[in-house]
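In this text the structure is predicted, and so the values were computed from the model without any measurement. One-based numbering along the sequence shown. Indexing begins at 1, ligand by ligand and atom by atom, following the structure's order.
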Amino acid sequence: MSFYVTTPIYYVNAAPHLGHAYTTIAADVMARHHRQRGEDVFFLTGTDEHGEPVADAAHALGIDPQELADENAERFKALAPLLAATNDFFIRTTDPQHMLRVQEVLTRVRENGFVYEGTYEGWYCPRCADFKAENEIDEGRRCPIHHIELTREREENYFFRLSSFQEPLERLYAEREDFVAPRTRYNEALSFIRSGLRDVPLTRHKLTWGVPVPWDSEHVFYVWFDALLNYYSALTYARDEDLRGRFWPASYHLIAKDILRFHAVYWPALLMAAEIELPEHVFVHGYLLMEGEKMSKSLGNVLDPFAVIERFGADALRFYLLREVPFGQDGSVSTSSFEMRYESELANELGNLASRTIAMLGRYRAGALPAGELDPVLAGDFAGLPERVAAHLDRAELTLALDEIWQRVRRLNRYVEEQSPWQLAKDPARREDLDRVLRTLAEGLRAVTVLLWPYLPESAERLLAALGASELSLAGARFGAGRIAEVSPIEPLFPKGS
Ligand code: ME8
């Protein structure tokens, strides 16, 4: 089994922000989970460096586009490990190997008869690097996304015959209802297709910052075709071996809704034109909304990923984003709700569960796990949990999977209250009951921690080490599969007032 997950490649016209961190974190959770299943995983992220957005930003700063690209690509590259993201490669579209592959694939598209010369005239947003149809234009001829005035473009271009793929795309959507998810995005893409596809520019004449068109040196490829092909080209040079056989087609492209049309319409059409197999799924998450910020004591008034990580660690940010905003929907994030979840869920629920469990084992049993049975009631509450989590993650339902796990964290805390081990400890006749409770708690904690690892990798590893059970496989996440012998003390996982 292999699993290949991608993030969009981010524009280097500006520095990374929380939205970029969000998609990278989500892809990392999926990659880690599939590694837990023992699958062969490839996780790709990177930067989109050509086109007008980058050329214009560089021009405004009075520097060369390559210089701006180099500078900002480094910042995106540095963000991944800060987020504890385990990408297997970081692609830059200025990599010469990528550029060669773009030329090769798009030449094939032309040889297959899907490219012709024509004149483009229409409205264009240089920030989106996108040509807007009449019905997509806001009042005052503005871009609906960037709110800047659109420019009127007229140039001699090579066109991609997108219109030839009207029927094949409709068939694709009919045959593969899980090609795009969630359903609202599938419907949106399908209705765009049904509204009638027009051919689109494949090249730009006026721009020079791009991949040169091999059959006409006065053109560069339109940045979106160059960019989309990163998902494919990366596999050809990320390692010494050609990884396409192992990982193509991609399992999941994660994107936000801003770039739905490119991934759900242009991309499959382009691949069909080049006779390349289509990816399995495009999952479209929502926007993180950051309005109405209240000032927070420790974080100021912006949820800056770098500041959050510095104060609270990457795990806290990963957890917060995937817990607070249902993955696939828009949702507000704020420093105050971050601090609330950190304290009530990470520190009080998980942190306390861990420290209480380990402390009680230390106090009552000198850290040694007592032998005996597990509580069948809890075994029932945990039955089928790894399978349910895996089923959610197979559909990129990251928040639902996390919720399944978190319900068990809460269940274990209730179990402590119900059983009051401190009372049992006072009564020598109930020694066996206390053994069972402690054993059950330690095993339950271990099982949820293995499942939490993709979300909270650093804390989960620390906690599992303290439980003396570092096994991370999904099979080992079954309640009762653990082999804890002895636990050791642990510092608070999520210190308060940090
Ligand atoms: O579009 N909420 O790059 P980009 C959630 N280079 N996600 C967000 C977000 C927000 N507020 N803001 C950004 C491009 N994102 C192209 C992509 S792919 C072949 C080329 C995330 O730097 C989200 O994943 O504008 C979104 O799709 C992406 O960043 C856009 O990044």
State whether [X] and [Y] are salt-bridged, where the test is any N-O pair (Lys NZ or Arg NE/NH1/NH2 against Asp/Glu carboxylate O) under 4.0 Å.
X    : Y    : answer
K132 : E136 : no
R108 : E104 : yes
R92  : D70  : yes
R318 : D28  : yes

Indicate yes or no: does an N/O atom of [X] lie under 3.5 Å from an N/O atom of ligand 1?
X    : answer
A256 : yes
I9   : yes
W224 : no
H20  : yes
T23  : yes

Structural part of D258 in contact with ligand 1, heavy atom criterion under 4.0 angstrom: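 Side chain only; the backbone of D258 stays clear of ligand 1.
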Where on H263 is there a heavy atom closer than 4.0 Å to ligand 1, on the side chain, on the backbone, on both, or on neither?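 It is the side chain that touches ligand 1; the backbone stays farther off.
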Run the numbers for me: atoms of ligand 1, each under 4.0 Å from some heavy atom of [X], listed by number.
X    : answer
P8   : 18 (S), 24 (O), 27 (O)
D48  : 6 (N), 16 (C), 20 (C)
Y287 : 2 (N), 5 (C), 10 (C)
A227 : 19 (C)

For [atom], which protein heavy atom lies nearest, and how many Å away is it?
atom                    : value
atom 3 (O) of ligand 1  : Y11 CD1, 3.4 Å
atom 1 (O) of ligand 1  : I259 CG2, 3.5 Å
atom 2 (N) of ligand 1  : L288 N, 2.9 Å
atom 9 (C) of ligand 1  : G19 CA, 3.4 Å
atom 13 (C) of ligand 1 : H17 CE1, 3.7 Å
atom 7 (N) of ligand 1  : H285 CE1, 3.3 Å

Any chance the side chains of [X] and [Y] put a donor and an acceptor closer than 3.5 Å?
X    : Y    : result
E49  : Y11  : no
Y124 : R204 : yes
W453 : H33  : no

**Report entry** Separation between CD1 of I193 and CG of L172, rounded to the nearest 0.5 Å
**Finding:**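 Answer rounded to 0.5 Å: 7.5 Å.
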Handout entry: Separation between CZ of F247 and CZ of F42, rounded to the nearest 0.5 Å
Key =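 Between F247 CZ and F42 CZ, I get 6.5 Å after rounding to 0.5 Å.
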Would you check whether [X] reaches within less than 4.0 Å of ligand 1, judged by its heavy atoms?
X    : answer
G286 : yes
Y231 : yes
K257 : no

Whether R261 engages the ring of F192 as a cation-pi pair (distance to the six-membered ring centre under 6.0 angstrom, angle to the ring normal within 45°) should be assessed.
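Geometry flag: set, cation within 6.0 Å and 45°.
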Before giving the answer on side chain to side chain donor-acceptor pair (under 3.5 Å), spell out for S337 and S334 the whole-Å C-alpha distance, their side-chain angles and the decisive distance to 0.1 Å. CA-CA 5 Å; S337 72; S334 66; 3.2 Å; yes
- Message: Go through it in stages, so that I can follow the logic: the residues are R101 and D226, the test is salt bridge (Lys or Arg N to Asp or Glu O under 4.0 Å), and I'd like the CA-CA distance, side-chain angles, deciding distance and then a yes or no.
- Response: CA-CA 9 Å; R101 192 65 62 181; D226 162 4; over 6 Å; no
